[in-house]
K.L.:
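Please find one structure pasted underneath; my questions will follow.
Every value quoted in this text rests on a predicted model; they were computed, and no experiment measured them. Letters A, B, ... are given to chains in the order of the sequence lines, protein chains preceding strands, and every chain is numbered from 1.
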Amino acid sequence: MGKEITSREQDYSQWYNDLVIKGSLADYSAVRGCMVIKPYGFALWENMRDVLDKMFKDTGHQNAYFPLFVPKSLFEAEEKNAEGFAKECAVVTHYRLKADPNNKGKLMVDPEAKLEEELVVRPTSEAIIWSTYKGWIQSYRDLPLLINQWANVVRWEMRTRLFLRTAEFLWQEGHTAHATAIEAIAETKQMLDVYADFAENWMALPVIKGVKSANERFAGAEDTYCIEALMQDGKALQAGTSHFLGQNFAKAFDVKFSDKENKLDYVWATSWGVSTRLIGALVMAHSDDDGLILPPRIAPIQVVIVPIYKGDEQKGLIDEKVLAIVKNLKAMGISVKYDDSDNARPGWKFAEYELKGVPVRMAIGARDLQNNVVEIARRDTKEKQSVAMEGIEDYIKNLLEEIQLSMYNKAKQFRTDHMFSTDNWDEFLQLLDTKGGFVSAHWDGTAETEDKIKELSKATIRCIPLNNPQEPGKCILTGNPSTQRVLFARAY
RNA sequence: CGGGACGUAGCGCAGCCCGGUAGCGCACACGUCUGGGGGGCGUGGGGUCGCAAGUUCAAAUCUUGUCGUCCCGACCA
């Protein structure tokens, strides 16, 4: 037998780890809390990155790159931001090693090479970027400044999980500067829409757009908008955030501009980001006990072709047909892999590509050649059927689109089935314990109540949905008056 | 940082209690029969048992220390 995957029912966490590792997305590394993203996983990330990058550019943003290190004095300039991240910063204190006189062949930190000022390894780049923006912005004519960077960041997490929370992760962070609050808020919401668009239309992942409560807000932000997704175990996952930073960073870094009337004012800021965590979301939202199920629009391999043959003569005939199909599919922009490797039997390959989540598999053997058909199997439903070889390329193209849509609908249905509403505390707890999912409930709006609810139920306010209907009610915990329901869930 | 496990072949593990020739499965190489759902048979290569000290005639095994990883919790994209 080959690679065994723990079932979701048996151990959801282990199932997730199995998929990531056995699906060749990533591996543990020699560094605590850090993972190696393997070629297949990185190809997936590249696809996601390319789509997002185009979306950013289409909305007027440019890429740039800022340093990995942030001098401590800059890092601490925006107090709330610094405070929020202080507990999880890696800090560089020295710049040299030397041979250890007491331990042959070993190195030690050279105490004489202590830095005068420590360097913080960026957990996020607001500080280094805003210290730079000070020099870039003088006039309203320099605004808006719309910058994105693709980078790695480090957050020294106590407990890590592949893709969902690693000490180092890859992400993009947009940092924009605007002349007015209205414009900055519009930018914040625009990028939230971009994220939601990407999640839903490319990742087939339905998300809820909303705004965070004060407790869950990004350190240093006035408002944090987010997209929240639901995983198959009923837990929520924050899939992306977009922050309205007000003038906090402009004030901390003294970034002012002259308006048309030559009056000086601080600029208004946003920042927004999504990370490799999205890969974790993808895995947990769609996959099954046989392995990954990747949405066609971002799958590294969309179609795999497996030949079934006896002897070189049959192989030659199959090759001839397949190579023509491969050529046509590639011309249509479909990524296809013809796996004619001789070191694995067809059955092994079937299982392997199911594990890797390849959306469509085509098998072709002597029997098919005679009948002028191929066998097409779709990963999401595992349905198989014989399809005429004539026009197979169009058939596959349509099937890929159908799978994409079908995956989205399935995830959407799951979320609909796990969306609850209650006014009763006991039922609130019972829903979280038995069904999971999002529970819509009244909340009195105070941080104290939110903390208490978290303590008692392990659920947090995921968001206050955008365009949330206003309705008077009583707080689920305290019974105090409330003006609207908010979405609670247990979350990653 | 608290609690719990584990470091033995590329991977997964047994052996340790009771010290004495380092083993199994998968993977890998070669041959052969195979090939429509994780193949069969045969042959073969691969290890300073995480590291360091100690006890002993003798340590994968006992003792001490150390490093690392994973899992559960608090913190968090």
K.L.:
Please check the phosphate of rC71(B) (OP1 and OP2 only) for any side-chain N or O of Tyr28(A) closer than 4.0 Å.
P.N.:
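Yes.
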
K.L.:
Identify the nucleotide, in any strand shown, that forms a Watson-Crick or G-U wobble pair with rC51(B), with both distances under 3.5 Å; if there is none, say none.
P.N.:
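WC or wobble partner is rG65(B).
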
K.L.:
Considering only NZ, NE, NH1 and NH2 on the basic side and carboxylate oxygens on the acidic side, decide whether Asp380(A) and Arg378(A) come within less than 4.0 Å.
P.N.:
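Answer for the salt bridge query: yes.
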
K.L.:
Between Lys382(A) and Glu354(A), does at least one N-O distance fall below 4.0 Å, as a salt bridge requires?
P.N.:
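Result for this pair is yes, salt bridge flagged.
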
K.L.:
Is it true that the side chains of Glu390(A) and Asn372(A) contain a donor and an acceptor less than 3.5 Å apart?
P.N.:
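No - no donor-acceptor pair under 3.5 Å links their side chains.
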
K.L.:
Do Trp45(A) and Phe163(A) have ring centres separated by under 6.0 Å?
P.N.:
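Centroid distance Trp45(A)-Phe163(A): not below 6.0 Å, so no.
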
K.L.:
Rounding to a whole Å, what distance do you find between Met35(A):CE and rC70(B):P?
P.N.:
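Checked: the CE to P distance equals 12 Å.
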
K.L.:
Does the gap between the ring centers of Phe75(A) and Phe69(A) come in under 6.0 Å?
P.N.:
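Phe75(A) vs Phe69(A): aromatic centres not under 6.0 Å.
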
K.L.:
What is the separation between atom OH on Tyr16(A) and atom P on rC71(B), rounded to the nearest whole Å?
P.N.:
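Rounded to the whole Å, the gap is 11 Å.
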
K.L.:
Does any nucleotide pair with rA58(B) by Watson-Crick or G-U wobble geometry, both distances under 3.5 Å, and what is it?
P.N.:
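rA58(B) is unpaired by these criteria.
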
K.L.:
So which nucleotide does rG36(B) pair with, by the Watson-Crick or G-U wobble rule with both distances under 3.5 Å?
P.N.:
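rG36(B) is unpaired by these criteria.
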
K.L.:
Measure from CH2 on Trp348(A) to P on rG36(B) and round the result to the nearest Å.
P.N.:
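Whole-Å distance recorded here is 14 Å.
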
K.L.:
Between rG35(B) and Asp342(A), counting only base atoms on the nucleotide and side-chain atoms on the residue, is there a donor-acceptor pair under 3.5 Å?
P.N.:
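Side chain to base: pair found, below 3.5 Å.
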
K.L.:
Given rG36(B), rA74(B), rG39(B), identify the nucleotide with an atom nearest to the side chain of Lys458(A).
P.N.:
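Among rG36(B), rA74(B), rG39(B), the one nearest the side chain of Lys458(A) is rA74(B).
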
K.L.:
Which one, rG35(B), rG37(B), rC75(B), comes nearest to the side chain of Phe350(A)?
P.N.:
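My answer, after comparing the listed nucleotides, is rG37(B).
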
K.L.:
Decide, yes or no, whether a salt bridge links Lys315(A) with Asp319(A) under the criterion of side-chain N to carboxylate O below 4.0 Å.
P.N.:
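Answer for the salt bridge query: yes.
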
K.L.:
Less than 3.5 Å between a donor and an acceptor, one on the side chain of Arg345(A) and one on the base of rG39(B), is that the case here?
P.N.:
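Donor-acceptor pair under 3.5 Å: yes.
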
K.L.:
Would you indicate what Gln14(A) reaches in the nucleic acid, counting non-hydrogen atoms under 4.0 angstrom: base, sugar-phosphate, or nothing?
P.N.:
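The residue Gln14(A) makes no contact with any strand.
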
K.L.:
Which part of the nucleic acid does Thr276(A) contact within heavy-atom distance under 4.0 Å: base, sugar-phosphate only, or nothing?
P.N.:
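No contact.
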
K.L.:
Could you tell me how far apart Ile5(A) (CD1) and rG37(B) (P) are, to the nearest whole angstrom?
P.N.:
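From Ile5(A) CD1 to rG37(B) P: 19 Å.
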
K.L.:
Between rG54(B) and rU43(B), how many Å separate the two C1' atoms, rounded to a whole number?
P.N.:
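45 Å, rounded to whole Å.
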
K.L.:
So what does Asn17(A) touch, heavy atoms closer than 4.0 Å: a base, only the sugar-phosphate, or nothing?
P.N.:
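If one applies the 4.0 Å heavy-atom cut-off, Asn17(A) turns out to touch the sugar-phosphate alone, with no base involved.
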
K.L.:
Sticking with atom C1', work out how far rG45(B) lies from rC6(B), rounded to a whole angstrom.
P.N.:
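Each nucleotide's C1' atom is 29 Å from the other's.
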
K.L.:
My understanding is that a pair needs two contacts under 3.5 Å, Watson-Crick or G-U wobble. By that rule, which nucleotide pairs with rG42(B)?
P.N.:
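Its partner is rC30(B) (Watson-Crick or G-U wobble, both distances under 3.5 Å).
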
K.L.:
Does this structure show an ion pair linking Lys57(A) with Asp53(A), if we count only N-O contacts that are shorter than 4.0 Å?
P.N.:
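Salt bridge present between Lys57(A) and Asp53(A).
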
K.L.:
From rC1(B), rG37(B), rG38(B), pick the nucleotide closest to the side chain of Glu354(A)?
P.N.:
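The listed nucleotide nearest to Glu354(A)'s side chain is rG37(B).
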
K.L.:
So which nucleotide from rG35(B), rC75(B), rA77(B) ends up closest to the side chain of Lys454(A)?
P.N.:
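The nucleotide sitting nearest to the side chain is rC75(B).
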
K.L.:
Quick one: on RNA chain B, does Ala363(A) or Thr241(A) contact a more 5' nucleotide (nearest heavy atom)?
P.N.:
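Nearest-nucleotide comparison on RNA chain B picks Ala363(A).
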
K.L.:
Under a 3.5 Å limit for both distances, which nucleotide forms a Watson-Crick or G-U wobble pair with rG73(B), could you say?
P.N.:
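Partner of rG73(B): rC1(B).
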
K.L.:
Contact class for Gln238(A) (heavy atom, under 4.0 Å): base, sugar-phosphate, or nothing?
P.N.:
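The answer is sugar-phosphate, as Gln238(A) gets under 4.0 Å only of primed atoms, P, OP1 or OP2.
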
K.L.:
Less than 4.0 angstrom from a charged side-chain N to a carboxylate O is my criterion; do Arg490(A) and Asp433(A) meet it?
P.N.:
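Counted as a salt bridge, because a side-chain N and a carboxylate O are separated by less than 4.0 Å.
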
K.L.:
Checking all strands, does Leu237(A) fall into the base, sugar-phosphate, or nothing category for heavy-atom contacts under 4.0 angstrom?
P.N.:
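Contact class for Leu237(A): none.
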
K.L.:
Is Lys87(A) near enough to rC75(B) that one of its side-chain N or O atoms lies under 4.0 angstrom from OP1 or OP2?
P.N.:
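No.
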
K.L.:
Please measure how far the C1' atom in rU61(B) lies from the corresponding atom in rU56(B), and state the result in whole Å.
P.N.:
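Roughly 13 Å separates the two C1' atoms.
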
K.L.:
Counting the atoms with a prime plus P, OP1 and OP2 as sugar-phosphate, which does Tyr309(A) contact under 4.0 Å by heavy atoms, base, sugar-phosphate, or nothing?
P.N.:
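Here Tyr309(A) touches the bases of the nucleic acid.
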
K.L.:
Between Asp288(A) and Arg379(A), is there a side-chain N and carboxylate O pair less than 4.0 Å apart?
P.N.:
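Salt bridge present between Asp288(A) and Arg379(A).
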
K.L.:
P atom, rU48(B) versus rU55(B): distance in rounded Å?
P.N.:
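Going atom to atom, P in each nucleotide, I get 26 Å.
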
K.L.:
Between rC18(B) and rA59(B), how far is it from one C1' atom to the other, in whole Å?
P.N.:
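Here rC18(B) and rA59(B) have their C1' atoms 14 Å from each other.
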
K.L.:
With a non-hydrogen cut-off below 4.0 angstrom, is Arg161(A) in contact with a base, only sugar-phosphate, or nothing?
P.N.:
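No contact at all - Arg161(A) keeps every heavy atom at 4.0 Å or more from the nucleic acid.
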
K.L.:
Over all strands shown, is Thr166(A) touching base, sugar-phosphate only, or nothing at heavy-atom distances under 4.0 angstrom?
P.N.:
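Base contact.
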
K.L.:
Should rG23(B) form a Watson-Crick or G-U wobble pair with both distances under 3.5 Å, which nucleotide is its partner?
P.N.:
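rG23(B) is paired with rC13(B).
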
K.L.:
Closer than 4.0 Å, any side-chain N/O of Asn343(A) to the OP1 or OP2 of rA27(B)?
P.N.:
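Checking Asn343(A) against rA27(B): no side-chain N or O falls below 4.0 Å of OP1 or OP2.
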
K.L.:
Send over the distance from Lys22(A) NZ to rG10(B) C1', rounded to a whole Å.
P.N.:
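Roughly 15 Å, once rounded to whole Å.
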
K.L.:
If I take atom CD1 in residue Ile318(A) and atom C1' in nucleotide rG35(B), what distance separates them, rounded to the nearest angstrom?
P.N.:
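Result: 10 Å.
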
K.L.:
Heavy-atom nearest nucleotide on RNA chain B for Asn215(A) versus Leu162(A): which residue maps closer to 5'?
P.N.:
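Per heavy-atom nearest nucleotide, the more 5' residue is Leu162(A).
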
K.L.:
In whole Å, what separates the P atom of rG37(B) from that of rC13(B)?
P.N.:
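Roughly 30 Å separates the two P atoms.
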
K.L.:
Let me know the distance between CD1 of Ile308(A) and C1' of rG37(B), rounded to the nearest Å.
P.N.:
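Computing the Ile308(A):CD1 to rG37(B):C1' distance gives 9 Å.
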
K.L.:
In whole Å, I'd like the distance from the CD1 atom of Ile21(A) to the C1' atom of rG12(B).
P.N.:
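In whole Å, rG12(B) C1' lies 13 Å from Ile21(A) CD1.
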
K.L.:
Heavy atoms only, 4.0 Å cut-off, all strands: where does Ala366(A) land among base, sugar-phosphate and nothing?
P.N.:
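Counting heavy atoms under 4.0 Å across all strands, the contact made by Ala366(A) includes a base.
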
K.L.:
So Lys384(A), base contact, sugar-phosphate only, or nothing? Heavy-atom distance under 4.0 Å.
P.N.:
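Lys384(A): base contact, heavy atoms under 4.0 Å.
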
K.L.:
Could you tell me how far rG3(B) sits from rG40(B) if I compare only their P atoms? Round to whole Å.
P.N.:
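Comparing P positions in rG40(B) and rG3(B) gives a spacing of 47 Å.
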
K.L.:
Suppose you measure atom C1' in rU8(B) against the same atom in rG47(B); what distance do you get, rounded to whole Å?
P.N.:
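After rounding to an integer number of Å, I get 8 Å for this pair.
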
